[in-house]
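Structure record follows, encoded as structure tokens.
Below, all heavy atoms of this structure are taken into account, side chains as well, without hydrogens, waters or symmetry copies. What you see is a predicted model, and the numbers here were worked out from it, not measured in a lab.
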Amino acid sequence: PAEGSYEVGIPHYCKGGVPGKYPTFDAIPHPMPFRTLYDPLGLYKNMSEEIKERRLLAEINNGRLAMLGIFGFLCAQTIPGSVPLLNGMFPPYAGEVMAPFEGDFEIVL
């Protein structure tokens, strides 16, 4: 690994890893108040695998709903009348909505 980085040994879920599995902070050389990101207080360490699986599915579905919600707001601002419930609640946006994904982060003054 490069200087200042730590090998955690857990592959990303898109590269064969397990969704929802987070590394611990054991490889970090300075003290950390929590050992994991998922269960920082250790409340769920004795939870059954069935409950963990159900909660993971709920978390994935919450993320999907959040993405749909953001897309709905984006559509309501760029295509007038496309989302009837949000019609007239937001001013139209005439800018380039995909600009954050173009990779051009140069600040133009």
Cluster link Y93 to I70, ILVMFWY, side chain under 4.5 Å: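 Different clusters: Y93 never reaches I70 through Ile, Leu, Val, Met, Phe, Trp or Tyr contacts under 4.5 Å.
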
More than 12 heavy atoms from other groups under 6.0 Å of CD on E50: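 Counting neighbours around CD of E50, 12 or fewer heavy atoms of other residues, nucleotides or ligands fall under 6.0 Å, so no.
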
Hydrophobic cluster (4.5 angstrom, side-chain heavy atoms) - remaining members for M89: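 F73, V83, L86, F90, which link up through side-chain heavy atoms under 4.5 Å apart, make up the rest of the cluster.
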
Shared-cluster residues of L56, by chain and number - hydrophobic side chains joined below 4.5 Å: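 Listed partners: I60.
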
Between CG on residue L57 and CD on residue E59, distance to nearest 0.5 Å: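 One finds 10.5 Å between CG of L57 and CD of E59.
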
At their closest point, which heavy atom of [X] faces which heavy atom of [Y], and how far apart are they?
X   : Y   : value
G16 : P11 : C-CG, 4.4 Å
C75 : S82 : O-OG, 3.0 Å
K52 : Y44 : CE-O, 4.0 Å

Which residues share a side-chain hydrogen bond (donor to acceptor under 3.5 Å, both in side chains) with N61, sequence neighbours left out: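 Partners of N61 by the side-chain hydrogen bond (donor to acceptor under 3.5 Å, both in side chains) criterion, ordered by chain and then number, come out as R64.
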
